[in-house]
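Note sheet for the following structure.
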There are 2 protein chains.
Amino acid sequence: MTASGPSGDELVEMLAALAHPIRLRIVATLAGGRDYVSRLARELGVSRPLLHMHLRRLEVAGLVVGRLELSEDGKAMKYYDVTDFSLHLTASAVAEAAKTLTKQDPEKGPRPKEHT
Amino acid sequence: MTASGPSGDELVEMLAALAHPIRLRIVATLAGGRDYVSRLARELGVSRPLLHMHLRRLEVAGLVVGRLELSEDGKAMKYYDVTDFSLHLTASAVAEAAKTLTKQDPEKGPRPKEHT
DNA sequence: TCTACGTGTAAGTAGTTTCTGACACGTGTC
DNA sequence: GACACGTGTCAGAAACTACTTACACGTAGA
């Protein structure tokens with residue numbers, strides 16, 4: 001209970017967010033310091049619309065946060081930071097999270113857990 | 001840090017394998033005891049071809065292992081078990097893993113198109 | 001005004017993943 | 001033989017993701 005992580009749906013969301021080379025690289029880069037979108041795009045060698053999509057995916061999953069700031073020369077810059085996430089993935093942790101999955105639950109019984 | 005986990009590519013593979021409600025449920029069910037394909041399919045309410053595909057994905061990622069056994073009445077049953085995986089996901093762990101990513105690495109050196 | 005830099009989004013395409021519905025094989029039993 | 005149960009795979013549809021191109025807006029400076 002104290003080690004209760006995210007819900008099943010949230011866990012799927014976080015895992016899916018991290019399960020992509022570019023997004024892994026985004027998190028890795030931001031772990032070394034915050035950055036704004038255009039610069040991050042240049043560093044990673046991806047287009048800004050593409051990076052924008054990946055950042056949104058990461059932000060929805062709660063792994064990064066973005067904040068709009070004004071630079072000294074009046075430009076609106078969107079700075080991103082990694083959040084302080086920590087996930088410990090084991091079979092039992094997964095089993096715990098899976099209890100709260102809401103997506104496509106086939107009408108099986110309450111808990112058909114018999115086994116020989 | 002001697003807690004060197006999987007390589008970047010392996011990590012992406014494992015995360016992608018877990019980032020699906022059905023596969024999360026497969027791992028959760030197997031965590032409660034090993035099972036064979038047909039029965040697992042019945043318990044989870046998915047078709048066998050579908051389950052077969054998901055199991056393969058999990059096995060490739062190293063999260064489950066399957067073993068063909070002969071039942072007493074001569075049937076070939078494929079039993080699956082969860083492996084003893086343990087992943088600790090934090091921003092710095094991700095940063096560490098991202099160093100070894102081989103997929104689509106843009107050349108980070110010179111700026112490609114920095115026209116003055 | 002035009003350029004350079006920042007933001008964001010919409011539309012279309014290419015590619016992958018997911019899923020179903022066949023089909024193949026095997027055994028043991030009625 | 002027909003049936004019930006186990007294994008596996010192939011082909012195609014549907015859904016989703018990733019990505020590009022092109023556009024919109026903003027300010028500052030020559």
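In what follows, chains carry the letters A, B, and so on, assigned in the order in which the sequence lines appear, proteins first and then strands, with residues in each chain numbered from 1.
Rounded to whole Å, atom P of D:dT7 lies 14 Å from atom CD of B:Glu59. Nucleotide D:dT9 holds its P atom 16 Å from the NE2 atom of B:His54, rounded to whole Å. Atom pair A:Met53:CE and D:dT21:P shows a separation of 14 Å (rounding to whole Å applied). Rounded to whole Å, atom P of C:dT17 lies 16 Å from atom CD1 of B:Ile22. Here the C1' atom of nucleotide D:dC19 and the CG atom of A:Leu55 are 15 Å apart, to the nearest Å. Between the CG atom of B:Leu50 and the C1' atom of D:dC10 there is a distance of 15 Å, rounded to whole Å. In this structure, B:Arg48 atom CZ and D:dA4 atom C1' are separated by 12 Å, rounded to whole Å. When the C1' atom of C:dG21 is taken as reference, atom CG of B:Leu51 falls 16 Å away, rounded to whole Å.
Close to D:dT7, at under 4.0 Å from its OP1 or OP2, lies no side-chain N or O of B:Tyr36. In this structure, B:His52 does not reach the C:dC19 phosphate: none of its side-chain N or O atoms is under 4.0 Å from OP1 or OP2. OP1 or OP2 of D:dA18 sits under 4.0 Å from a side-chain N or O of A:Arg57.
Contacts of B:Ser92 classified as side chain to side chain donor-acceptor pair (under 3.5 Å), with partners at least two apart in sequence or in another chain: B:Thr90. Here B:Tyr36 pairs with B:Tyr79 under the ring pair (Phe, Tyr, Trp, His ring centres under 6.0 Å) rule; sequence neighbours left out.
Note on residues 83-94 of chain A: no pairs pass salt bridge (charged side-chain N to carboxylate O under 4.0 Å, His left out), not counting sequence neighbours. Under the salt bridge (charged side-chain N to carboxylate O under 4.0 Å, His left out) criterion, the residue pairs touching residues 29-41 of chain A are A:Arg34-A:Glu69, A:Arg34-A:Asp81, A:Asp35-A:Arg39, A:Arg39-A:Glu43, with sequence neighbours excluded.
Nearest nucleotide to the A:Arg42 side chain, out of C:dT18, D:dG6, C:dC5: C:dC5. Comparing C:dT20, D:dG6, C:dC19 against the side chain of B:His20 picks out C:dC19 as the nearest. For B:Pro49, counting side-chain heavy atoms from C-beta on, the closest listed nucleotide (D:dT7, D:dC10, C:dT7) is D:dC10. The B:Ser47 side chain lies nearest to C:dT20 when the options are C:dT17, C:dT20, C:dG6.
Contact check for B:Leu89 versus A:Leu18: side-chain heavy atoms found under the 4.5 Å cut-off. You'll find the side chain of A:Lys75 stays beyond 4.5 Å of the side chain of A:Leu70, heavy atoms only.
Nucleic acid contact for A:Arg23: sugar-phosphate only, since backbone atoms but no base atoms lie under 4.0 Å from a heavy atom of the residue.
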Run the side-chain donor-acceptor check on residues 46-54 of chain A: report pairs under 3.5 Å with partners two or more places apart or on a different chain.
residue	atom	partner	partner atom	Å
A:Ser47	OG	A:Leu50	N	3.4
A:His54	ND1	A:Arg23	NH1	3.0

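Position along DNA chain D of the nearest nucleotide to B:Ser38 versus A:Ala16 favours B:Ser38 as the more 5'-ward residue.
The stretch residues 62-78 of chain A touches DNA chain C through A:Lys75, A:Ala76, A:Met77, A:Lys78, each having a heavy atom under 4.0 angstrom from the strand.
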